[in-house]
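I have placed the structure first, in the form of structure tokens, so that the comments after it can refer back to it.
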Amino acid sequence: MKNIIKKLLKEAVKKTYPDQDFSSLLEIQNVTAKNIQADYFTNISMKLAKILKTNPIEIADKIIGNMNNIDDIKFNIVKPGYINFSVGDGKKNNIISIINKSENLLSDCKTADPKKINIEFISANPTGPLHVGHGRGAIYGNIISKFLKIQGHHTVKEYYVNDYGNQIKKLIESILSKIDDNYIKIKEDDLYQGDYIETVAKTIEEEIKKKDIKDFNAQRSIILDEMFKIINVPINNLNIIFDKWFYESSLFDENLVEKVIKKLEATEHTFRDDGALMLKADEPRVLIKSNGDYTYFATDLAYHDLKMKDYDRIIDVWGADHHGYVPRIKAGLRALGHNIDKLDVHLIQFANLFRDGKKVSMSTRKGDFVELENLRNEIGNDAINFFYLTKNKDQHLDFDLSIAISQNKNNPVYYIQYAYARIEKILNEVKDYHKEEYDLSSLDNIYEKEIITTLSNFHETIKKSIIGLQPHLVTNYLLKLSQDFHSYYANVKILNKDINYSQVHLIAAVQKVIKCGLDLINIDTPKEM
RNA sequence: GCGUCUGUAGCUCAGUUGGAUAGAGCAUUAGCUUCCGAAGCUAAAGGUCAGAAGUUCGAAUCUUCUCAGGCGCUCCA
């Protein structure tokens, strides 16, 4: 509908000003103010007033004079210079059949230019189970991968495994010291604590002792296997499937770190300082320590160097606490000659967990944290997905568990699913409504009009959400639509003696859109609750 | 101190590339069950969009400054 009006306007503007091209300024917007009796408006005459230095009302007058008449679309000029458009109910209500007949409601999100895109997320150190702090990035990374895929891009979801360096050494010592008291080589304070350390130790004890495994790499491999059994529990249960697990250690197996650093050293971007090799980044950053070890930064550059070569676009989903690292990695990649526009770092702000208004501690010390799997068990997949996605990623998120498990209107997940289930019940009652005659123009009460307006916004909203990678727009939209429906349901009875089948088609469209939206964000649509 | 995210109703948050009288939910108050599921609905009340200045026909939105909060500023990963 918007496109039809835009075309109408475009032609009129061109007729009015044949010598100039103003098409980039044209914009049709929805009327949101409740006091205005119109559906769409344009501010083109105000924009042109600035350029042409004439009165906007005069401009609007001229444009309207050149506007073709289309059935059911009315237009008029309002004070500062808006041109308002009103669409007749008959035409507006068509959205119901458009939705009901559509085979794929997301088809207009397809890109004309598919890219090969790598999305790396979670990538938590394999030194303990995933905790709730990892949850938001996990859900977000998973969903934007899905959005990119819907756009038609070829996506690869990747988990970067830090299986090299000090953290993993500490982990191995922490576990082996549980098996052999004499093993401890580092300070006890540095050891990892937590029940999982004991559990893993017990699990592998027999194997280590039986085969008398002393080789570090062999120990590492056994322990990593066990750690990933733990880490994968919530990942699998949340139906997150990684296409690729990339091991940091593989960079060393193939001397890739050395190669990349040599390449950097040959440029003018590095210098020696006190035995260390530094990169001129946002400020001098260490690549090789004075003891000869590579820093995490150096290996990470080698890793990103690979990804830059293999993909058209790479996305890193990081916690916002790593934001200071972004300029560094970009500077490094630039020095290696890469086009850093290909790299998008999505920073996810922290989520705070509350239980009955009290903040739940998330510190990782001494196993004093809430495991993601515990949270998942408590509130379920649907609530986890919804609550982590319902806010803009740049927004700090406060998340109260008592709401997530409540079964009433407070809980938006239930509210939306309940709307779906209510519609399901009615549709089951009327059965073969497709065969019945119906006239959409009979839908004209305020509740029906409100739903139809919301439905009309569906395509635009979902497109913005999927293309702009903004999942929270979907959750907000679904809430609004559910609200419209519940209000309708309470005020208008559908299962009367004489059923108005256009009403049935209306709620069928609502249900189809709700299902599409919930499917999109990985939430179930139960037929009864 | 530097960087970065944020500041909208008592609370949690929306707010469409700058548009008309800023919106929801929760909480509060007052109502609604002979009727498709009350897991719901209707209404009332609630605002200096942190503050100031600027840009212009027009600012919650853009610019600058100030204030407040989160996070980060290791030869850690």
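This one's a predicted model, so the numbers in the text were calculated from it and none came from an experiment. Proteins come first, then strands; the chains are lettered A, B, ... in the order of their sequence lines, and each starts at number 1.
- Under a cut-off of 6.0 angstrom, the local environment of OH in Y164(A) is sparse, with at most 12 non-hydrogen atoms contributed by other residues, nucleotides or ligands.
- As rounded to the nearest Å, C13(B) and U17(B) have C1' atoms that lie 23 Å from one another.
- For C41(B) and A22(B), the P atoms lie 25 Å apart once the distance is rounded to whole Å.
- Using a distance-only test at 3.5 Å, with no hydrogens or angles considered, no donor-acceptor pair links the side chain of N496(A) to the main chain of D498(A).
- Residue Q483(A) is in sugar-phosphate contact alone, with no base atom involved, counting any heavy-atom pair closer than 4.0 Å across all strands shown.
- Between the P atoms of U6(B) and U34(B), the separation comes to 50 Å (whole Å).
- Atom P of G70(B) sits at a distance of 32 Å from the matching atom of G18(B), rounded to the whole Å.
- Residues S465(A) and F147(A) have side chains in contact (heavy-atom distance under 4.5 Å, counting atoms from C-beta outward).
- For RNA chain B, the residues of residues 40-56 of chain A within the heavy-atom distance limit of 4.0 Å (strictly under) are F41(A), N43(A), M46(A), K50(A), sorted by number.
- Between Y159(A) and I231(A), the closest side-chain pair of non-hydrogen atoms falls below 4.5 Å.
- Because its glycosidic torsion is more than 90° from 0, U61(B) is reported here as anti.
- Of the candidates U16(B), A77(B), G72(B), the closest approach to any side-chain atom of D321(A) belongs to G72(B).
- Side-chain contact between Y414(A) and D382(A): absent, with no pair of heavy atoms (C-beta onward) separated by less than 4.5 Å.
- Taking atom C1' in both A43(B) and C5(B), one finds a spacing of 39 Å when rounded to whole Å.
- Proximity of Q395(A) to the phosphate of U12(B): no side-chain N or O atom is located under 4.0 Å from OP1 or OP2.
- Taken together, the paired segments of RNA chain B that extend over three or more consecutive Watson-Crick or G-U pairs, each closer than 3.5 Å at both contacts, are B:1-7 with B:67-73, B:10-13 with B:23-26, B:28-32 with B:40-44, B:50-54 with B:62-66.
- In this structure, N125(A) and L397(A) both approach RNA chain B, and ranking their closest nucleotides by distance from the 5' end singles out L397(A).
- Two rings, from Y388(A) and F399(A), have their centers less than 6.0 Å apart.
- Aromatic ring pairs are classed by plane angle as parallel below 30°, tilted from 30° to 60° and perpendicular above 60°; the pair Y325(A) and F297(A) is perpendicular.
- In this structure, R220(A) and S249(A) approach most closely via the heavy-atom pair NH2-CB, 3.9 Å.
- An aromatic stacking contact between Y489(A) and the base of G40(B) is absent, as defined here by ring centres under 5.5 Å apart and ring planes under 30° from parallel.
- Atom pair E460(A):CD and U17(B):C1' shows a separation of 12 Å (rounding to whole Å applied).
- Across the C1' atoms, C2(B) and C11(B) are found 34 Å apart, a figure rounded to whole Å.
- Under the side chain to side chain donor-acceptor pair (under 3.5 Å) criterion, T127(A) pairs with no residue at all, not counting sequence neighbours.
- Atom-to-atom, CG of N352(A) to P of C13(B) comes out at 9 Å; the value is rounded to the nearest Å.
- Using a 4.0 Å heavy-atom cutoff across all strands shown, S290(A) reaches at least one base atom of the nucleic acid.
- For N491(A) and C41(B), the shortest distance from a side-chain N or O to OP1 or OP2 is not below 4.0 Å.
- Taking side-chain N and O atoms only, K170(A) has no distance below 4.0 Å to OP1 or OP2 of C76(B).
- Contact between the side-chain N/O atoms of T32(A) and the OP1/OP2 oxygens of G15(B) is not found at any separation under 4.0 Å.
- Between the C1' atoms of U12(B) and A30(B), the separation comes to 25 Å (whole Å).
- For a distance-only test at 3.5 Å, the side chain of T295(A) fails to qualify as a donor-acceptor partner of the base of C75(B).
- Put simply, NZ on K493(A) is 13 Å from C1' on U33(B), counting in whole angstrom units.
- Separation of the C1' atoms belonging to C57(B) and G3(B) is 38 Å when rounded to the nearest angstrom.
- Atom CD1 in I467(A) sits about 13 Å away from atom P in U17(B), given to the nearest Å.
- Map N392(A) and V286(A) each onto its nearest nucleotide of RNA chain B; the residue landing nearer the 5' end is N392(A).
- In the displayed structure, K62(A) atom NZ is contacted under 6.0 Å by at most 12 heavy atoms of other residues, nucleotides or ligands.
- In this structure, the ring of H486(A) has its center less than 6.0 angstrom from the ring center of Y415(A).
- Phosphate proximity of C75(B) to R272(A): absent, as no side-chain N or O sits under 4.0 Å from OP1 or OP2.
- Contact annotation: H396(A) does not reach the phosphate of G7(B) (side-chain N/O to OP1 or OP2, under 4.0 Å).
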